[in-house]
Amino acid sequence: MTETHAASTAATYEQGDPGRASASGLPAIELAGVAKVFHSGSEVVTAVRAMDLQIVEGEFFSLLGPSGCGKTTTMRMIAGFEEPTSGTVYLHGRDVTGVPPNKRDVNMVFQSYALFPHMNVFDNVAFGLHRKGVAKDEIGRRVNEMLDIVGLTGRGQRRPRELSGGQQQRVALARALVNHPRALLLDEPLGALDLKLRQAMQVELKRIQREVGITFVYVTHDQNEALTMSDRIAVMNDGVIEHLASPREIYEHPATRFVAGFIGTSNVFNGTVARMAGDVAVLEMGASERILVPIGDRAVRAGDTLDVTVRPEKMDISTEQPSGDLCALRGTVTEVVYLGTSTNFSVTTSTGADIVVFQQNSATARDLADRGDSIWLSWQPQHSYPIG
Amino acid sequence: MTTVAARPTGSASGQPAHGRRKQRRWTRAILPTYSWLVIAYLVFPIAIMIVYSFNQVTTGLPQVSFAWNGFTTRWYQQWNGIPQLTSSFWLSIQLALATTVLAGVVGTLLALALVRYRPPRFRGKAAFEQTLFLNIAAPEIVLGASLLGLFVTLNVARGFLTLLISHVAFSIAYVAVTVRARMAGFDRSLEEAAQDLGANAWTTFRKITFPIILPGIMAGGLMAFAISIDDFVTSNFVSGPQVPFPVWVYGATRIGIPPQVFVFGTAIFTVGILCALASVIMSRRHRPA
Ligand SMILES: Nc1ncnc2c1ncn2[C@@H]1O[C@H](COP(=O)(O)OP(=O)(O)O)[C@@H](O)[C@H]1O
Ligand SMILES: [Mg+2]
């Protein structure tokens, strides 16, 4: 590995959970400048572009992005089902480019589960151990132990088609985990389950991952799933990682406009910096209307245009003009949706932006504003976050 | 028939709704009745063959006749009473078995190629599929005549080998098409899962692909066996001094059919029915979730 390589590793770790940065040794999975181009007929599709990625031993890592952004392709390159067009894949420091899937020490859980229909649950789970030539009584012991862990005790003799979707999912998981892979790759494993079962399995997966301590690489297009389960998330768009950080960091400080829009609901404002007050940029949006943006270590000058995101739950609605140290905008309520614990207000600002505000429901919140009312929006400056 | 009779009674008793319901019930019986008539039409000759294989013969030289002379199992006891018929029957069985194996292997591999690959890896796939279809659609007499021409030109002595080559030639397409149809729903990720769990290409085929597509291969093999054992047209062109069963029977019709022909016919039919049943049961059991 080269100098620049090591440097980029360090940079990536800085963004993540600081506890993980100290993890000694090599990353479990590492992609260095990996790209994948498909040629289908006359069409050329670039699925993954020059991707650098380090996944730490034992972490729950998610690849999150919209359909078609290259998540599956990335995962299939790690598993060995696709060879990168360029770049290198390392598993625990070993260059595995060109090594077939059956010689890689990672296992995959397929979205369709891919359970062998002509074998019972026990034989499905034992398949990998048989290939490794593990002794018969040890296979029996390990398979049953794994069936216990995934909650399928005593179901070994069933055929896959006799199981429910959730149970099939668990068999797929057990079949991969029983081999003690160095990393487990899961491609939208809960995509085929209904919402309730999916939420139960999210908790279950997290528990199993803690229990077995194996690195999980989890592909999903569901931002809630990624936020609740992951230690770190890489948000992908069009073959590129746009933001790689902890769930909190990604939610609160999205790196790009795309990430802000993809993770949760986000309001984006665009304005020109009127002046700098220390490291806070002041965007004058109209009479007594302003957005204050702490810009951190960005190089921003008066006269620059800036995109700013603010989460809907960070904003307040009031009928009186807010105090001068807050961000403040005038607007008109266009829609009010009561949701039990909270109320969603759709507001068109005086600058013409359509935004959303979530207000917790309390005794007073109910009558904050009605459709058509002119109101003030306000929020603390630290909730303004520059993007792009 | 009773429903037809009952209908006017229903209307006459001043219950038109009731009558209409009856009428609808009657019309609903048309298609099933029709279907059973067609089945009867198809099964009738076979039933005649089975029944008359137990018929006594009064003529000096045993020949089938369609006058019922009384029940006997004599022809079953003397099933091999006509050495030429017996040897032609065994030739047909050997030929059909060899054809099943060869066409089964070749056709299955073709089906795999057709299911898995497409251009640019499989260049000219569309043309290939057309050829396969033409092979099925082409009149057999053309195939038979051209094969005979080929063997004569190449100076190949006609016998078991020429029969086998010809039978395999016209069975392959049927096997390929049958196996491919059965493989249409095969999930490729099963093979990837096996590989992912440490299986190499051969183990993956042996443990996963083959057992799952086996019912399809069996159906294809059954097809090859069925069309080989009763082939007349091509066999008539390319057989040597020893002719297969259908060709022998055809030759015998000119002097009179010995009752043993019905015995062999009944045996082939029975085995065929058993194979078809086994195939249906197998594919039911192996049907994926
Ligand atoms: N085998 C393939 N041949 C051609 N194009 C492909 C192939 N696999 C994926 N792609 C294309 O690559 C892009 C990324 O696909 P994929 O990795 O499956 O995305 P995701 O899993 O994020 O939905 C898509 O545009 C897809 O059409
Ligand atoms: Mg995908």
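Naming convention: chains lettered A, B, ... in sequence-line order (proteins, then strands); numbering from 1 in each chain.
Between A:F127 and B:A199 the shortest heavy-atom distance is CE2-CB, 3.9 Å. Residues B:A193 and A:F110 approach most closely at CA-CE1, 3.5 Å, considering heavy atoms. Contact between B:L190 and A:P117 at its shortest, heavy atoms only, is CD1-CD, 3.9 Å.
The neighbour count for A:K132 NZ, taken as heavy atoms of other residues, nucleotides or ligands under 6.0 Å away, is above 12. Atom CZ of A:F38 sits in a crowded spot, with more than 12 heavy atoms from other residues, nucleotides or ligands closer than 6.0 Å. The 12-atom threshold is exceeded at CD of A:E138, counting heavy atoms of other residues, nucleotides or ligands nearer than 6.0 Å. Atom NE2 of A:H221 sits in a sparse spot, with 12 or fewer heavy atoms from other residues, nucleotides or ligands closer than 6.0 Å. Environment of CD1 in B:I141: sparse, with no more than 12 heavy atoms of neighbouring residues, nucleotides or ligands closer than 6.0 Å. Within 6.0 Å of NZ in A:K36 there are more than 12 heavy atoms belonging to other residues, nucleotides or ligands. Other residues, nucleotides and ligands contribute only 12 or fewer heavy atoms inside 6.0 Å of the CZ atom of B:F133.
At a 4.5 Å heavy-atom cutoff, the contact between A:L115 and chain B is made by backbone atoms alone. Residue A:V109: no heavy atom, backbone or side chain, is found under 4.5 Å from chain B. Both the backbone and the side chain of A:N107 come within contact range of chain B, each with at least one heavy atom under 4.5 Å from a heavy atom of that chain. Looking at A:R76, the atoms closer than 4.5 Å to chain B (heavy atoms on both sides) all sit in the side chain, from C-beta outward. Looking at B:A201, neither its backbone nor its side chain comes within 4.5 Å of chain A, counting heavy atoms on both sides. Residue B:T203 touches chain A through its side chain alone, counting heavy-atom pairs closer than 4.5 Å.
Residues B:K207 and A:R131 form a side-chain contact, since some pair of their non-hydrogen atoms from C-beta on lies under 4.5 Å apart. A heavy-atom distance below 4.5 Å is not found between the side chains of B:N200 and A:P100.
From B:R188, atom CZ reaches atom OG of A:S112 across 12.5 Å, with rounding to the nearest 0.5 Å. Here A:F116 contributes atom CZ and B:I208 contributes atom CD1; the two are 4.0 Å apart, rounded to the nearest 0.5 Å. Atom NE2 in A:H118 sits 11.0 Å away from atom CD1 in B:I213 (nearest 0.5 Å). Taken from CZ in A:F81 to CD in B:E191, the straight-line distance is 10.5 Å, to the nearest 0.5 Å.
A donor-acceptor pair under 3.5 Å is absent between the side-chain atoms of B:D196 and the main chain of A:A79, judged by distance alone.
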